[in-house]
There are 2 protein chains.
Amino acid sequence: MQQKTLSSNLRNKKVVDLHAAKVACKECSLHQLCLPRSINGSDLEKLDNIIERKKPLKRNEHLFQVGSSFHSIYVVRSGSLKTYSPTVDGQEQVTGFHLPGELLGLDAIGKGRHPCAAKALETTSVCEVPFENLEGLSQELPTLQYQLLRLMSKEIFDDQELMLLLGKKTAEARLSAFLLSISLRFKQRGFSSIEFYLSMSRNDIANYLGLAVETVSRMFTRFQEDGLIEAERKHIILKDRENMRQIAGMNECCNETSAKDSQQII
Amino acid sequence: MQQKTLSSNLRNKKVVDLHAAKVACKECSLHQLCLPRSINGSDLEKLDNIIERKKPLKRNEHLFQVGSSFHSIYVVRSGSLKTYSPTVDGQEQVTGFHLPGELLGLDAIGKGRHPCAAKALETTSVCEVPFENLEGLSQELPTLQYQLLRLMSKEIFDDQELMLLLGKKTAEARLSAFLLSISLRFKQRGFSSIEFYLSMSRNDIANYLGLAVETVSRMFTRFQEDGLIEAERKHIILKDRENMRQIAGMNECCNETSAKDSQQII
DNA sequence: GTATAGAATTGACATTTATCAATTATGACT
DNA sequence: AGTCATAATTGATAAATGTCAATTCTATAC
């Protein structure tokens, strides 16, 4: 949404520069989020050595395709991506959205191939962590090994939450839970949790939540009528999160306090 | 279903004896399934040393409760369990069924507490693997570390499959996929893949699949009318798996060949 | 064997959400 | 600025599934 003027081109340029500069993890703007507190200085250097920074992806470019062989996991530095897998009938199933500081690729370790594709929703920059190196390094650094297990466990847990959502909740509960989830994840990265831009289309949201686009659209409208949110396309302001939590049917384990340190990266 | 005669009591007795015997992993009937081919003899002994065998659970007994602190992962030796978590409205959400050779507890690593409870669906015997030991041991045995990551990755992948099922599929596709999944998992353990007993109730199935019991019941009836299965309560015979795969809308990645070595333990 | 509680099935009806169709809005490109 | 393709919204209708209620079946206890 920011690339129609010259100044925005400059901004894009800057992202590229950031890449070229090969900033170390220490200086990375996501440093605090991106690294567990438990890793100390020298360990951090070791970790830094194995991390590769890639050229930013433009909107709709793929980070990896379905079935491509697995050698790295990725961390989002800026921007966002969706992961999706093809279904029999040629459709796609959106399996997740990935915001800054979040991981992709853990589901590929098992089979050595990516079971889903990852596509940038906007200009997006990621760190690549070659798995072989990571595995080797985690032999030396027990903390790292534990962090890795912890992250994967977190992902299993999150997926179960989502299964609950998909299996048992109404359309309004699903959308409500979705918005709160995004809100929380932004908050964890230091962004506003009450006002944000959704980088994904209504179609992607609907797909992810197992609903028809039309239903999602109607729910957005209803939420506005009910004063729960203000929404202008992708620009969202949450007006009544307490009520939304009720609607989402969330239990304590999903509120802000408990999830505070989730998705810490490597 | 087999405990109304004296002979069946004897059979139950035998399970208990099996426990008392404290058989080593090497002699465990699940040996091949339970251990990766890549671990050699001496490594196997090390692994065996940290595994504890527990007293079998009776039907409806809990292996662990929601929120209980995590110290072990478990492998089903015989019998079966369901995992479930409470929802806000006091209901329960069944998150999975666990057949012999399959794992429980990986979702607890992240927070150090079990996010769900595990209850035996029948007389059930499990191996307990203390996580701290496992973690330490996997420093020494890189293969073990990789197996652990691989298993967790598999679980993430499987959950995503289920999400697809819950989000996009009709009731008949869900039940069809469920039966084929059970069938496959039995096959992987050397049991018949076309005739088996379901240890879980229709209620549990419905809950797991995000459907009403009545819907599940009707689908069982319809499947019989259509000649897809023969079903007498929990006793199921699959008559036309090819057709069921069509109905389930399964893509190649879910068929028998590709999933053959899934859920190998530790 | 009989009684009883829970599980499973079946039918009637209500509700939710998907589908189809039409319209409007937005963003990208010339 | 104007055009076009795509995304988003809205309305009308249909289909799938949930809910409620009644009945039958099964397993367990007595």
Side-chain angles (χ1 to χ4, degrees), chain A residues 1-5 8-9 12 58-60 82 89 91-92 94 121-123 165-176 197-225 229-236 247 249, chain B residues 1-6 8-9 12 58-60 82 89 91 94 121-123 165-176 197-225 229-236 247 249:
Chain A
M1 61 211 71
Q2 48 189 198
Q3 52 217 86
K4 54 184 150 208
T5 66
S8 71
N9 283 335
N12 281 344
K58 294 203 207 77
R59 188 167 129 85
N60 289 327
K82 69 172 174 183
D89 47 350
Q91 306 278 52
E92 63 182 46
V94 176
L121 294 168
E122 58 195 313
T123 303
L165 201 69
L166 295 174
K168 300 246 181 315
K169 303 297 182 76
T170 62
E172 69 172 7
R174 294 185 204 191
L175 184 59
S176 194
Y197 282 85
L198 295 173
S199 56
M200 67 294 289
S201 68
R202 298 281 194 272
N203 236 307
D204 286 335
I205 297 173
N207 189 309
Y208 177 67
L209 295 176
L211 298 168
V213 208
E214 295 92 331
T215 306
V216 169
S217 188
R218 279 184 251 269
M219 289 301 147
F220 268 107
T221 309
R222 195 200 289 178
F223 282 4
Q224 287 183 86
E225 288 167 357
I229 64 172
E230 278 178 27
E232 183 117 0
R233 301 280 155 166
K234 296 179 183 310
H235 181 205
I236 308 289
I247 290 168
Chain B
M1 67 220 58
Q2 49 189 197
Q3 50 220 81
K4 54 184 153 210
T5 66
L6 190 60
S8 71
N9 283 337
N12 282 343
K58 293 204 207 78
R59 189 167 127 87
N60 289 328
K82 70 171 173 183
D89 46 350
Q91 307 278 50
V94 176
L121 294 168
E122 58 196 313
T123 304
L165 202 69
L166 294 174
K168 300 245 180 318
K169 303 297 182 81
T170 63
E172 69 173 7
R174 294 185 203 191
L175 184 59
S176 195
Y197 283 85
L198 294 173
S199 55
M200 67 294 291
S201 69
R202 297 283 194 269
N203 237 307
D204 286 337
I205 296 173
N207 189 309
Y208 177 68
L209 295 177
L211 298 168
V213 209
E214 293 92 333
T215 306
V216 169
S217 188
R218 279 184 252 268
M219 289 301 146
F220 267 108
T221 308
R222 193 200 290 178
F223 281 4
Q224 287 182 86
E225 288 167 356
I229 65 171
E230 279 178 26
E232 184 117 359
R233 300 279 154 168
K234 296 178 182 309
H235 181 203
I236 308 290
I247 290 168

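Just so it is clear, the model here is predicted, and its values are computed rather than measured. Naming convention: chains lettered A, B, ... in sequence-line order (proteins, then strands); numbering from 1 in each chain.
By the 4.5 Å heavy-atom criterion applied to side chains, A/Met200 and A/Tyr208 are not counted as neighbours. Using a 4.5 Å heavy-atom threshold, the side chains of B/Lys168 and A/Asn207 count as touching.
The CG-C1' distance, from B/Asn60 to D/dA27, rounds to 14 Å in whole Å. Atom CZ of A/Arg174 is separated from atom P of C/dT16 by 14 Å (rounded to the nearest Å). B/Lys168 has its NZ atom 15 Å from the P atom of C/dT17, to the nearest Å. Rounded to whole angstrom, the span from the CE atom of A/Met219 across to the P atom of C/dA18 amounts to 9 Å. Put simply, CG on B/Leu198 is 16 Å from P on C/dA7, counting in whole angstrom units. Residue A/Leu211 contributes atom CG, which lies 11 Å from atom P of C/dT19 at whole-angstrom precision. What separates CG of A/Leu209 from C1' of C/dT16 is a distance of 16 Å, to the nearest Å. Rounded to an integer number of Å, the gap from B/His235 NE2 to D/dC25 P is 20 Å.
At the heavy-atom level, A/Ala212 lies under 4.0 Å from base atoms of the strands shown.
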Its contact letters, B for base, S for sugar-phosphate only and - for none at protein heavy atoms under 4.0 Å, make nucleotides 6-11 of chain D read --SBBB
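Between the side chain of B/Lys82 and the main chain of B/Ile205, no donor-acceptor pair closer than 3.5 Å is present.
Taking for each of A/Glu232 and A/Glu172 the nucleotide of DNA chain C with the nearest heavy atom, the 5'-most of the two is the partner of A/Glu172.
For the side-chain contact (heavy atoms from CB on, under 4.5 Å) with A/Asp204, the lone residue among A/Leu121, A/Val216, A/Leu198 that qualifies is A/Leu121.
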Please evaluate residues A/Ile229 and A/Gln224 with respect to the criterion side-chain contact (heavy atoms from CB on, under 4.5 Å), reporting the C-alpha separation (whole Å), side-chain torsions for both, the decisive distance (0.1 Å), and the verdict. CA-CA 5 Å; A/Ile229 64 172; A/Gln224 287 183 86; 3.9 Å; yes
Go through B/Lys234 and B/Glu122 one step at a time and tell me if the salt bridge (charged side-chain N to carboxylate O under 4.0 Å, His left out) criterion holds. CA-CA 13 Å; B/Lys234 296 178 182 309; B/Glu122 58 196 313; over 6 Å; no
